[in-house]
Amino acid sequence: MSRSREGHVQFRIQPGGHLTGDLRVPGDKSISHRAVMLAALAEGTTEVQGFLEGEDALATLAALRAMGVPIRGPERGRLVIEGRGLHGLRPPLGPLYLGNSGTSMRLLCGLLAGQRFDSTLTGDASLSRRPMQRVTAPLSRMGAQLETGEAGTAPLHIKGGQPLHGIHYEMPIASAQVKSCLLLAGLYARGETCVIEPAPTRDHTERMLMAFGYELRCQDGCVCLSGQRRLHGVSLLTVPADISSATFFLVGASIAPGSDLRLTEVGLNPTRTGAIVILRRMGADIDVLNERTVAGEPVADLRVRHAALHGTHITPDLVPAAIDEFPALFVAAACAEGETLLQGAEELRVKETDRITAMAAGLQALGIIVEPRSDGIRIVGGAPKGGRVRALGDHRVAMAFAMAALRADAEIVIDDSRNVATSFPGFVELAAGAGLGIRSEVMDEQP
Ligand code: S3P
């Protein structure tokens, strides 16, 4: 285990500067998880390029390996997976540890509910606090047998050998993880599994299932599939750059005078582009260039230049397509003229940390006026000062505050930033190369 894995990581960012150049952020996290899960369940070999070598996607990979899936790589984002077929996984020797990764836990839970063997899913302290009943309750209705901890949290114990049957499930919350979990369980179920969404959520599972030759029907917010068919390996799957990672740079370049940045091969699935819509409403200057389709996903290059931002009202309908981008968007709002109000985003409270509380505390520490609310936040734009903030182990909180330094009047120090490696390995180097005065320090103790 490396020292940085054990130690406390702190970011120190010098104030000012701007972002320029061409860069490709790492592969999409959501698509990386799905690519390797479906490749493992497919018949035949699948090659993946652009795979995110971040800890979350690597946790999924390690779980698949522990269940006997032969995988070569990853080497610079390339992987070769020998699919085992729907019924070819082997019982793991012990619990499957998924670190910080909610997507791994919720999706694998659906996949494992249909296996002939028992399994246990565990995670780090943050993942062990996150709600899992949202997946275990509908899985039980499909005939799965699962046990959670008392608070409905991990560890999850999944009993194998249970015959599953399809259900029609109206999701009470808009969650792509819940939808995907049930679709994966539905692969093993007798009959039809249908998931009805209250609002559109990322549809990477649906697109990826189709890429592996699995038939499904999507209409009017309802997605259905029939179980017990086959997935066929794909000769080459390309994972686009992650729009969630790109958003830190969209915000950084927008707020920092003199910035002109090009982000290449960014996934622009319409269920994920809420941050671009919101930033443009705030006055951001973002051009979408060279649009194309890669492995069933829309992709483009983005050019972003500095612009004077103004506050906006973010209504609940805009939330699902920007759900992971709010920490960065709050920093944009803190540097904008006027007020920004976000509503309908209570889900932010159950992410890797409570992102409303974490961001409100950090923005206040930087002298910004904020009013956290149960379902969102009100931010009065101003000029962030330097100071010390805590990322609370949340990768996106850490990266959002790093960008705030571009407009701060003194150094920003961000404690507890180690988990940036879960979604964005190489963030510090890439951001420094584009012009952010950032360095990362590993300390033995948390200050
Ligand atoms: C994800 C779905 C979203 C998102 C998460 C990744 C996915 O979670 O926040 O980072 O890959 O399906 P919810 O389904 O809880 O909204």
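Every number for a ligand or one of its atoms is a count from 1 in the order of the listing. For the numbers below, each heavy atom of this structure counts, side chains included, while hydrogens, waters and symmetry mates do not.
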* **CZ (R190) with more than 12 external heavy atoms under 6.0 Å** =>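 No, not enclosed.
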Could you tell me if the side chain of [Y] sits less than 4.5 Å from the side chain of [X], heavy atoms only?
{"X": "T136", "Y": "Q133", "value": "yes"}
{"X": "D416", "Y": "H8", "value": "yes"}
{"X": "M403", "Y": "F249", "value": "yes"}

* Say whether Q343 and D375, considering side chains only, have a donor N or O and an acceptor N or O under 3.5 Å apart. =>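 Result is no, nothing qualifies.
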Run down the list [options] and name the one with the heavy atom closest to [atom].
{"atom": "atom 16 (O) of ligand 1", "options": "R202, E347, K351", "value": "K351"}
{"atom": "atom 12 (O) of ligand 1", "options": "R34, K29, H204", "value": "R34"}
{"atom": "atom 1 (C) of ligand 1", "options": "E325, H33, Q177", "value": "Q177"}

* Going by the atom numbers of ligand 1, which of them fall below 4.0 Å from some non-hydrogen atom of I323? ->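 Contacts of ligand 1 toward I323, numbered from 1: 9 (O).
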* Find all atoms of ligand 1 within a distance of less than 4.0 Å from any non-hydrogen atom belonging to A176, and give their numbers and elements. =>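 Once the distances to A176 are compared, the set is 12 (O), 14 (O).
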* Sole candidate of I377, I323, D324, L392 that passes side-chain contact (heavy atoms from CB on, under 4.5 Å) when paired with R355 ->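 Exactly one candidate clears the test, D324.
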* Just distances here: any N/O of R396 and N/O of ligand 1 closer than 3.5 Å? ->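 Looking only at distances, the answer is no, because the N/O contact criterion of under 3.5 Å is not met.
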* Heavy-atom contact under 4.0 Å between K179 and ligand 1? ->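 It does not, in that no heavy atom of K179 comes within the 4.0 Å cut-off of ligand 1.
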Tell me: protein heavy atom nearest [atom], and distance?
{"atom": "atom 10 (O) of ligand 1", "answer": "D324 OD2, 2.7 Å"}
{"atom": "atom 11 (O) of ligand 1", "answer": "S30 OG, 2.7 Å"}
{"atom": "atom 14 (O) of ligand 1", "answer": "S175 OG, 2.7 Å"}

* Tell me, with the steps shown, if K179 and D203 meet salt bridge (Lys or Arg N to Asp or Glu O under 4.0 Å). => CA-CA 9 Å; K179 172 176 66 175; D203 61 359; over 6 Å; no
